Amino acid sequence: MPELPEVETIRQTLIQLVIGKTIESVDVYWPKIIQEPDDVKQFITFLQKQTIHDIRRKGKFLLFDLDKHVLVSHLRMEGKYGVYDYKEEVVPHTHVIFHFTDGTDLRYQDVRKFGTMHLQEKGTETTKKPLVLLAKDPLEADFSLQDFKEKIQKSERNIKNILLDQSVVAGLGNIYVDETLFLARIHPLTKGISVTDEQVIQIKQAAVITLQDAVQQGGTTIRSYVNSQGQIGMFQQQLNVYAQNDKPCSNCEDTIMKIKVNGRGTHYCPTCQPI
DNA sequence: CACCCTACCTGGGCGC
DNA sequence: TGCGCCCAGGTAGGGT
């Protein structure tokens, strides 16, 4: 489910709800979500008495800054966070509960159980999995256009696939890659090696505009996404191609197509994005 | 080394 | 109704 705009919206809403709170205890109902440390008991023990000082985002990851550790959390397709009174009923698909000393809970819910959590010593998180190979996202000030260009132009893969690769550019997923390529007027099957310097700049600018607008709208809700206050996003009203197949293009009125690219549904306008 | 495909899960929608 | 497919905001990791 969540790409950069949804994760950023979750971060902004969650920060209002949990900063300064101290973890009393932790319950884990689906241990596979906990990737590090190996032993879930260690995970639980380490977290006790630690306070949440900040929540950062790197690409699609949320980073909870604690006293001694950083909790690196990825929501994958359907992960969500919500804050509840400890007495409230635990809804289905709740897999991890962080109980705070003030009687509230931070609860992680994930229908498909794909999400991951890594608890790592403060300061080590960018040197090891899963963050070590993560590229910058296009909204970061130190995003390197040169590095981006080299990674695209040395690849024989198609541009759709390249842009989904989080070691090339962070934060884009299936919705925002399709939207970015539409704005940049580039066909999703274009080989990286044949993307021009000018097109690389267009892709970067299109990604910035798309991601900024989507953050502004609180993300995109297609099926199930809500932020940490239970609110849906609004960017689905502004989608040009994603889930718009068989509808007229907003630019030229031609019919939006849907194809499969490396197993992912891919949407584009055949007139605006010629091969 | 680069890249593709499958597995990981559950639930909704559709055709029969 | 019910069953069996296909599909879904993602990404490790195994195989080619």
Side-chain angles (χ1 to χ4, degrees), chain A residues 1-11 29-36 57-62 72-81 91-96 108-118 128-135 137 150-181 189 191-193 207 210-211 213-215 217-227 231-246 258-267:
Chain A
M1 133 187 124
E3 305 176 38
L4 186 153
E6 292 75 36
V7 178
E8 176 59 21
T9 304
I10 289 167
R11 189 189 73 81
Y29 302 105
W30 193 262
K32 287 181 77 171
I33 288 170
I34 313 305
Q35 302 279 310
E36 188 183 342
R57 178 186 58 73
K58 282 196 177 291
K60 304 176 193 172
F61 290 87
L62 286 172
V72 181
S73 170
H74 197 300
L75 279 33
R76 293 288 179 95
M77 296 292 267
E78 303 243 16
K80 297 171 180 51
Y81 279 105
V91 300
H93 311 299
T94 300
H95 306 308
V96 183
Y108 178 73
Q109 295 140 201
D110 187 342
V111 168
R112 295 177 71 180
K113 302 174 175 168
F114 284 176
T116 59
M117 295 184 191
H118 293 73
K128 51 207 274 192
K129 283 199 294 187
L131 296 183
V132 65
L133 291 178
L134 186 68
D137 76 54
E150 284 168 16
K151 284 176 174 167
I152 290 173
Q153 293 178 339
K154 77 174 171 59
S155 176
E156 295 277 357
R157 304 149 80 192
N158 60 63
I159 189 65
K160 161 98 186 199
N161 230 7
I162 295 170
L163 296 179
L164 284 172
D165 184 339
Q166 302 296 296
S167 71
V168 173
V169 53
L172 298 176
N174 211 32
I175 295 177
Y176 299 108
V177 166
D178 284 3
E179 293 297 315
T180 294
L181 288 174
L189 291 175
K191 300 283 180 203
I193 202 163
T210 303
L211 293 171
D213 281 359
V215 170
Q217 296 298 311
T220 302
T221 298
I222 299 293
R223 313 165 43 233
S224 65
Y225 162 72
V226 290
N227 67 29
Q231 300 156 326
I232 65 168
M234 293 310 242
F235 192 71
Q236 61 279 10
Q237 296 173 2
Q238 292 172 230
L239 294 173
N240 286 302
V241 286
Y242 186 86
Q244 306 304 302
N245 40 97
D246 304 328
K258 181 176 181 182
I259 59 173
K260 281 255 187 211
V261 177
N262 297 87
R264 310 296 303 274
T266 298
H267 315 73

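Just so we're clear, the structure is a prediction, and the values are computed from it rather than from any experiment. Below, chains carry the letters A, B, ... as their sequence lines are ordered, and counting in each starts from 1. The figures that follow rest on heavy atoms only: side chains count, while hydrogens, waters and symmetry mates do not.
Closest-nucleotide positions on DNA chain B for A:Ser155 and A:Lys32 were compared, and the one nearer the 5' end corresponds to A:Ser155. Both A:Arg157 and A:Trp30 lie close to DNA chain B; mapped to their nearest nucleotides by heavy-atom distance, the more 5′-ward contact belongs to A:Arg157.
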Between protein and nucleotides 4-8 of chain C, what N or O pairs are separated by less than 3.5 Å?
| unit_1 | atom_1 | unit_2 | atom_2 | d |
| --- | --- | --- | --- | --- |
| C:dA8 | OP1 | A:Lys258 | NZ | 3.1 |
| C:dA8 | OP2 | A:Lys260 | NZ | 3.4 |
| C:dA8 | N3 | A:Arg112 | NH1 | 3.3 |

All N/O contacts under 3.5 Å from nucleotides 12-16 of chain C to the protein, with atom names and distances to one decimal?
| unit_1 | atom_1 | unit_2 | atom_2 | d |
| --- | --- | --- | --- | --- |
| C:dG13 | OP2 | A:Lys129 | NZ | 3.2 |

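The shortest side-chain heavy-atom distance between A:Phe61 and A:Gln166 does not fall under the 4.5 Å cut-off. A:Val169 places a side-chain heavy atom less than 4.5 Å from the side chain of A:Leu163. Two residues are said to be in side-chain contact when any heavy atoms from C-beta on lie closer than 4.5 Å; A:Thr220 and A:Leu239 meet this criterion. Side-chain contact between A:Lys60 and A:Leu75 is absent, with no heavy atoms from C-beta onward closer than 4.5 Å. Between A:Asp110 and A:His93 there is no side-chain heavy-atom pair separated by less than 4.5 Å. In this structure, the side chains of A:Glu78 and A:Arg223 come closer than 4.5 Å at one or more pairs of heavy atoms. Contact of the A:Gln35 side chain with the A:Met117 side chain is not registered, since no non-hydrogen atoms from C-beta on lie closer than 4.5 Å.
In terms of the side-chain hydrogen bond (donor to acceptor under 3.5 Å, both in side chains) criterion, residue partners of A:Lys160 (sequence neighbours excluded) are, by chain and number, A:Asn174, A:Asp178, A:Thr266. Remark: A:Glu150 engages A:Gln146 in a side-chain hydrogen bond (donor to acceptor under 3.5 Å, both in side chains) (not counting sequence neighbours). Among residues two or more places apart in sequence or in another chain, the side chain to side chain contact (heavy atoms under 4.5 Å, CB included) test is passed with A:Thr221 by A:Tyr225, A:Ile232, A:Gln236. In this structure, the side-chain hydrogen bond (donor to acceptor under 3.5 Å, both in side chains) partners of A:Lys151, at least two apart in sequence or on a different chain, are A:Asp147. The side chain to side chain contact (heavy atoms under 4.5 Å, CB included) test applied to A:Leu189 returns A:Asn158, A:His187, A:Ile259, A:Val261, A:Ile275, not counting sequence neighbours. For A:Lys258, the side chain to side chain contact (heavy atoms under 4.5 Å, CB included) test picks out A:Asn245, A:His267, with sequence neighbours left out. For A:Thr9, there are no side-chain hydrogen bond (donor to acceptor under 3.5 Å, both in side chains) partners at least two apart in sequence or on another chain.
No more than 12 heavy atoms of other residues, nucleotides or ligands shown are found within 6.0 angstrom of NZ on A:Lys129.
Between B:dA7 and C:dC5, the distance separating the two P atoms is 15 Å to the nearest Å. Here the separation of C:dT11 from B:dG11, taken at their P atoms, is 22 Å to the nearest Å. Here, C:dG9 and B:dC3 have their C1' atoms 23 Å apart, quoted to the whole Å. Rounded to a whole angstrom, the distance from the P atom of C:dG14 to that of B:dC9 is 15 Å.
Atom OH of A:Tyr225 and atom C1' of C:dG10 are 16 Å apart (whole Å). The separation between A:Leu172 atom CG and C:dG10 atom P is 10 Å, rounded to whole Å. Rounding to whole angstrom units, CE of residue A:Met117 and P of C:dT11 are separated by 16 Å.
In C:dG9 the O4'-C1'-N dihedral to the base is within 90° of 0, which defines a syn nucleotide.
For the strand DNA chain C, secondary-structure stems (runs of at least three Watson-Crick or G-U pairs, all distances below 3.5 Å) span B:2-8 with C:10-16, B:10-16 with C:2-8.
From the 5' end on, the contacts that DNA chain B makes with chain A at under 4.0 Å to a non-hydrogen atom open and close at B:dC3 to B:dG11.
Listed by residue number, A:Gln166 are the residues of residues 163-171 of chain A with a heavy-atom contact under 4.0 Å to DNA chain C.
A donor-acceptor pair shorter than 3.5 Å cannot be found between the side chains of A:Tyr108 and A:Ser73.
Within 4.0 Å (heavy atoms only), A:Asp110 reaches no atom of the nucleic acid at all.
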